[in-house]
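Note that ligands are numbered from 1 as they come in the structure, with each ligand's atoms numbered from 1 the same way.
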Amino acid sequence: MSVVKNKNIIVGVCGGIAAYKSAELVRLLIKQGAQVQVVMTHSGKEFVTPLTFQALSGREVRSALFDLDAEAGMGHIELARWTDLILIAPATANAIAKIAHGMADDLLTTLCLATKAPLLIAPAMNQQMWRNEATQENIKCLSRRRAVSFCGPAEGEQACGDIGPGRMEEPDSLLNSCLSLLSSAAKTDYKKQRLKGKCVLITAGPTIEDIDPVRFLSNRSSGKMGYAITEAALNEGADVILVSGPSALNAPENAELFLVRSAQQMHDKVMNLIDSVDIFIATAAVADYRPVKKFDTKIKKNTDQLTIELVKNPDILTDVAALPNKPVSIGFAAETNDVESYALDKLQRKNLDMIAANKVGETQGFEADNNELHLYWRTGLDKKTGIKSKKLAYASKKQLAEQLIDEIVLLFVK
Ligand code: C5P
């Protein structure tokens with residue numbers, strides 16, 4: 001039975017050309033047995049008529065905050081309590097900005113403010129509007145809220161002729177996000193215990209390879225993904241050890257924290273602790289190389305050219321996954337291109353149980369608050385075949401961490 005069956009869902013339709021796709025989305029939700037109440041903004045009605053949505057949902061479309069007749073039926077506060085999920089598709093930059101700032105100047109934004117239900121936002125806008133710092137600030141601000149998730153936007157050709165991020169996700173992908181959101185909400189009751197008695201070791205952040213007392217080699221990793229996974233594992237009752245490179249973040253209180261600087265230190269600490277570990281999640285962006293020699297004093301610029309010789313660092317994940325009693329070993333692969341093929345190569349080569357791959361881009365990957373993950377795992381002993389995969393749609397790292405832990409529990413924890 002679909003998790004959507006008999007669920008009450010508000011579909012908010014704002015003013016964007018993608019509004020026509022929301023008609024299909026409403027049809028899919030109804031087909032799965034949901035009760036759908038469509039709420040349109042005034043500009044939404046410029047793109048698709050309320051009649052279309054009324055015919056598909058079997059309910060009169062709501063739009064005005066001060067509609068005496070509609071309010072006499074189910075007032076806006078009752079509607080906010082009635083719903084199990086608010087899905088805004090398409091969500092314009094304007095609607096996102098209003099919700100981020102707690103504004104409530106129409107029915108849809110008022111419902112968002114008045115509900116305890118989760119909010120799923122499917123942004124749709126011109127790529128420049130999406131990239132605008134103001135929009136990105138609003139997305140960041142919403143991503144930090146527990147009950148808010150994002151699906152999309154996708155990249156590609158836009159109605160205005162531009163190419164870039166800002167296309168609304170397709171209805172079937174939005175439906176999948178609804179399903180996963182509602183099913184994780186349904187699990188909340190028995191959650192927090194599924195990793196009880198298990199020890200999870202997580203590496204996070206960058207490593208720093210010193211060149212001299214003032215210079216070093218490092219990378220852009222912030223530690224956000226690893227710290228969010230730490231939090232999610234703690235919420236499931238795990239004993240969590242966090243081995244972290246330098247990060248500006250505060251470590252989750254209940255994790256056992258070991259701060260390290262270099263890849264070698266991270267390697268030594270992990271190998272020291274690994275015996276009691278059931279699940280190892282390597283999110284750290286470990287420097288592949290370190291200078292052969294660390295200078296004791298600051299290098300002076302008295303030559304035109306300077307060569308720093310580098311030597312390869314140990315691969316922590318490979319070493320853990322090669323242990324005779326290896327824990328469930330999960331790696332990350334951040335790539336700028338050919339994400340899938342590099343990820344699958346790492347899955348095999350490092351003998352992993354799962355790899356979480358993501359593309360490093362302007363709004364995702366290193367330093368960003370949001371990400372999109374593709375999980376790949378093996379279903380059999382044959383290393384070449386039997387690969388399964390799952391996409392965790394663009395969302396905050398906090399939400400992705402919860403989904404990742406969910407998948408790990410389902411696949412690897414008896
Ligand atoms: O080989 P690559 O660095 O791309 O692999 C990435 C994965 O391996 C990540 O999970 C990372 O934490 C882990 N890794 C490691 N030790 C290294 C390099 C990478 O644990 N020296």
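Between Glu231 and Val240 there is no side-chain heavy-atom pair separated by less than 4.5 Å. Side-chain contact between Met125 and Ile96: present, with at least one pair of heavy atoms (C-beta onward) separated by less than 4.5 Å.
With a 6.0 Å radius and a threshold of 12 heavy atoms from other residues, nucleotides or ligands, Phe412 has its CZ atom above the threshold. Other residues, nucleotides and ligands place more than 12 heavy atoms under 6.0 Å from the CG atom of Asp105. By the 6.0 Å contact criterion, CG on Asn250 is open, its count of non-hydrogen atoms from other residues, nucleotides or ligands being 12 or less.
For the pair Ile330 and ligand 1, the shortest N or O to N or O distance does not fall below 3.5 Å. At under 3.5 Å, a nitrogen or oxygen of Lys346, whether backbone or side chain, sits near a nitrogen or oxygen of ligand 1. Considering backbone and side-chain N/O atoms, Ala333 never comes within less than 3.5 Å of an N/O atom of ligand 1. Residue contacts with ligand 1: Ala287 is placed with no nitrogen or oxygen under 3.5 Å of a nitrogen or oxygen of the ligand (distance criterion only). In terms of polar-atom proximity, defined here as any N/O pair under 3.5 Å, Ile316 does make such a contact with ligand 1.
Atom 21 (N) of ligand 1 has as its closest protein heavy atom Pro314 O, 2.9 Å. For atom 7 (C) of ligand 1, the nearest non-hydrogen atom of the protein is Phe332 O, 3.1 Å. Looking only at heavy atoms of the protein, atom 20 (O) of ligand 1 is closest to Leu317 N, 2.9 Å. Here the protein heavy atom with the shortest distance to atom 3 (O) of ligand 1 is Asp288 OD1, 3.8 Å. Here the protein heavy atom with the shortest distance to atom 17 (C) of ligand 1 is Val286 CB, 3.5 Å. Nearest protein heavy-atom contact of atom 5 (O) of ligand 1 is Lys350 NZ, 2.9 Å. In terms of protein heavy-atom proximity, atom 12 (O) of ligand 1 is nearest to Ala284 O, 2.6 Å. Residue, atom and distance of the protein heavy atom nearest to atom 10 (O) of ligand 1 are Ala282 O, 2.6 Å.
Checking each of Leu25, Val11, Val26 against Leu56 for a side-chain contact (heavy atoms from CB on, under 4.5 Å) leaves exactly one that passes, namely Val26.
Across every non-hydrogen atom of Pro123 and Pro153, the tightest pair is O-CB, 3.8 Å. Contact record, Asn371 with Leu400: O-CD1, 3.2 Å, taken as the closest heavy-atom pair.
With a 6.0 Å cutoff to the six-membered ring centre and a 45° limit on the axis angle, Lys298 does not count as a cation-pi contact of Phe295.
A heavy-atom separation below 4.0 Å is not found between Ala334 and ligand 1. Proximity of Asn313 to ligand 1 is not established, as no heavy-atom distance is less than 4.0 Å. Not a single heavy atom of Ala263 sits closer than 4.0 Å to an atom of ligand 1.
Using a 4.0 Å cut-off to heavy atoms of Gly331, the atoms of ligand 1 that qualify are 10 (O).
Using modelled atom types, one finds no donor on one side chain facing an acceptor on the other under 3.5 Å when comparing Gln128 with Asn132.
Looking at Arg62, its side chain does come within 3.5 Å of a backbone N or O of Met74 through a donor-acceptor pair.
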